[in-house]
Visitor: 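Below is one structure. I have some questions about it.
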Amino acid sequence: MNRIASVIVDVPTAQTDRSFDYLIPDELKDNLEVGMRVIVPFGNRQVQGFVIAFKETSTVSGLKEIIEPMDIEPVLNQELLQLGEFLANETLCLKISAYQVMLPPALKAKYDKYITLAKDREIGELPKELEPLFLKQKKVNWKDAEKLVPSSYLYRQARAGLFDVSYEIKNKGNKKKNIYYVPFSDQAQFLNKLNQLNLTGKKQLQVVNIYLQDFAPHTVKQIETKVPNARSSLNQLVSKGLLKKEEYEEYRDPYQNKKFQETKALPLTDEQELVIKPILDSIEHSTHEVFLLHGVTGSGKTEVYLQSIEKVMKNGKEAIVLVPEISLTPQMVERFKGRFGNKVAVLHSGLSLGEKYDEWRKIQRKEVQVVVGARSAIFAPFENIGIIIIDEEHETSYKQEDNPRYHARDVAIERGKNHHCPVVLGSATPSLESFARAQKGVYHLLTMQKRMNNSQLPVVEIVDMREELRTGNRSMFSTALLEKMRLRLERSEQIVLMLNRRGYSSFVMCRNCGYVLKCPNCDISLTYHKVTDQVKCHYCGFEMRTPKQCPECSSNHIRFFGTGTQKVEEELGRILPEARVIRMDVDTTTRKGSHEKLLTAFQEKKADILLGTQMIAKGLDFPNITLVGVLSADSSLHIPDFRSSERTFQLLTQVSGRAGRHELPGEVIIQTYTPEHYSINFAKEHDYLTFYQYEMMIRKRGQYPPFYYLALINVSHENLQYTYTVIEKITSFVRGQLADGKGETLILGPAVSPILKIKNRYRYQCLIKYKNEPNLISTLKQVLEHFQEDQVKRGLHISIDLNPYSMM
DNA sequence: AGCACGCCGACT
DNA sequence: GTCGGCGTGCTC
């Protein structure tokens, strides 16, 4: 019984996207579980795989045996295995990719290829170049050998029998282990043994004294702080049987050096009471329900989350909290750690591979009950989830932009169903999709309209920059904004300035011939970065020295147009020299922890102005901010994407919410060249509902979500002609399979992607709009299958995104 | 993905 | 005739 295991192998292709059966060797029978990773023979090599099921018979004869398990306990539980199937179906990804995405990256298999000299062959038979390598070690990394001789030679000689080739799976995420010296047995026996031994060594006695005091495990390092060079004495005590050596797994705790202020549950406002009641009911009765918590900025959503989680923990269950890119909001971590202490694991992209692995292990070992994290934390391997919370549910970072292209919200709801628990989506500006569902009664809508501390929403003023230009103000600051900034500086209150464009200028043009510097790899103009005197491409990372002469006409009238954060910083230094400015954008926050450092500095009032891109719009809660300035609301408005109005509204509302959250009242200035735009005007009024209704009307007219579902097929290749041929074939195939025009399905394309070329690849797309299309998934799978070969051999990329969030 | 098998052209 | 090019198909 159970002699056979079904395994999904780590070979990411469509042809191998199914299970393969393997015999379980007798010695593994009791130690192998579903959900473990194993190493299996596949073809003539070894690969990693996931055991997804056991069975007694197989339709395949001549099964091979599993070589060995990689885990002591399963890394995926039953629910996650099933969730993988769900992901593969819903996002058209390979099963193996679905499973990989659920694990911390440290557990992803990496293979190394090695060659060894075959038996009865001599080193002398090797070419001279390889000799030193083989003299040093028996097993030589293929990549190292490849650097010295052509790989064709290696292949030929391997076939001819000079080398044996082997594969080794290297496990990146090594557990951080420490060796501890532990007193042998219990205290009585320890003393007993000590008396028998009659120790003479001075150092040994010193060491024993330490153990007599605390009777606890110590590392060599710890002992050596009291007894220098104690290593050999410790080892002697081990050989005498008084101590024993043990390896303990040690966690790298990224927050270990930080003190968290302990907090208690705060009394809830009437609104909060009203809102939390149905959530607590759902927790109590273990019913799955999706709540949309719509609360204005500063209305105290977090306290509702915290107290819901408290209830869940009291019931002995676990909680998952998703926060958009958490490193952005250390304040959030603080609140959770402060309330729940070491019961919280934190997972986000700012951690190292090892740190992520350690946090994940705490979850796996049930040492924590709460996980706070970015998107992928939705796969936390809990087994008894009592609530899932997604804060800032409208954030686009919850959608993963490469395979598997999943949305954390969908996964959360699926897991909520599995665990019969509530899912809470919170936002001041819910996505249209979610709010529409709440309106239809699919989600349970909960509303909070008042700010805590009785503070008022800030007064928002729109400044027409065309008017400014007419009155002769050519600076990037309107008179109104500048005046209000001066006032804040006088009163030593703080200012937040947002400009959604990094770098110095947005494009570089020759005034003589009109030539604009473009990226050689992408269809995008280059951005000037003054600090390094370089021009950079923000899509592929291309950078070069700024040319002194125009590459087209050789004139030296090269000028910089448009405004980025760097230029604003420079300008601020000129017009408000007394102001201390912190600039925060991708360029100043790449280093680990730099983000937090900048924010802390601002919090400690070491600066008057925080200037940044949209990354400063979220989550900041500093009482001293009384002015928010949006330098140009237009940059996010004119992106060719049907969601650009929604994003602009969300961004403006979020950033406005940074002002006047506490005692001091806040003010917001929005500068724009299109002051009549509805996104800007409804944001000014803090009127989500009217914005929602207006935008819904536009979506209905444009046949966009939430009225239609979308599927986007994107094709890219180095050759323009070939790319077009492929997308044309795909589009006409899809037209034939789906009810184009007949039912409520519309197929648009082929069309050029909004950015024709990125990283030297031309891009075309086809957009499918549908309401109910039972053939969709199978049709798209056929597309992928049909072009599978071209993808491998000709370097064609086809991506299919169901419910895309970026049309680029 | 990685590898064997197998069918065609250019050489000892 | 044979070596080696890379198109095709398979991996429990």
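Each chain gets a letter, A, B and so on, in the order its sequence line appears, and its residues count up from 1.
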Visitor: Given atom NZ of A:Lys55 and atom P of C:dC12, what is their separation to the nearest angstrom?
Guide: 14 Å
Visitor: Using whole Å, report how far CG of A:Leu23 lies from P of C:dC12.
Guide: 12 Å
Visitor: In terms of side-chain heavy atoms, does A:Ser6 have a donor or acceptor partner in A:Asp21 at a distance below 3.5 Å?
Guide: yes
Visitor: What is the separation between atom CD on A:Gln15 and atom P on C:dT8, rounded to the nearest whole Å?
Guide: 13 Å
Visitor: Under 4.0 Å from OP1 or OP2 of B:dA4: is there any side-chain N or O of A:Asn44 that close?
Guide: yes
Visitor: Between C:dT11 and A:Phe42, is there a base-stacking contact, meaning the centre of the base's six-membered ring lies under 5.5 Å from the residue's ring centre while the planes stay under 30° apart?
Guide: yes
Visitor: Counting C-beta onward and ignoring hydrogens, is there a side-chain heavy-atom pair between A:Phe86 and A:Tyr406 closer than 4.5 Å?
Guide: no
Visitor: Between atom CZ in A:Arg45 and atom C1' in C:dT11, what is the gap in whole Å?
Guide: 8 Å
Visitor: Starting at atom CD1 of A:Ile67, determine the distance to atom C1' of C:dC12, rounded to an integer number of angstrom.
Guide: 12 Å
Visitor: Mind calculating the distance between CD (A:Gln46) and P (B:dG2) to the nearest angstrom?
Guide: 14 Å
Visitor: Where the side chain of A:Tyr22 is defined as all heavy atoms beyond and including C-beta, which of B:dC3, B:dA1, C:dC12 is the nearest nucleotide?
Guide: C:dC12
Visitor: Nearest whole angstrom, please: distance from the C1' of B:dA1 to the CD1 of A:Ile96.
Guide: 13 Å
Visitor: Side chains of residues 714-721 of chain A: which donor-acceptor partners sit under 3.5 Å, not counting sequence neighbours?
Guide:
{"residue": "A:Ser716", "atom": "OG", "partner": "A:Arg761", "partner atom": "NE", "Å": "3.0"}
{"residue": "A:His717", "atom": "ND1", "partner": "A:Asn719", "partner atom": "N", "Å": "2.9"}
{"residue": "A:His717", "atom": "NE2", "partner": "A:Arg794", "partner atom": "O", "Å": "2.7"}
{"residue": "A:Asn719", "atom": "OD1", "partner": "A:Gln721", "partner atom": "N", "Å": "2.8"}
{"residue": "A:Asn719", "atom": "OD1", "partner": "A:Tyr722", "partner atom": "N", "Å": "2.9"}

Visitor: Give every residue pair that meets the salt bridge (charged side-chain N to carboxylate O under 4.0 Å, His left out) criterion with at least one member in residues 76-88 of chain A, sequence neighbours excluded.
Guide: A:Glu79-A:Arg415
Visitor: Could you give the CZ-to-C1' distance, from A:Arg3 to C:dC12, as a whole number of Å?
Guide: 15 Å
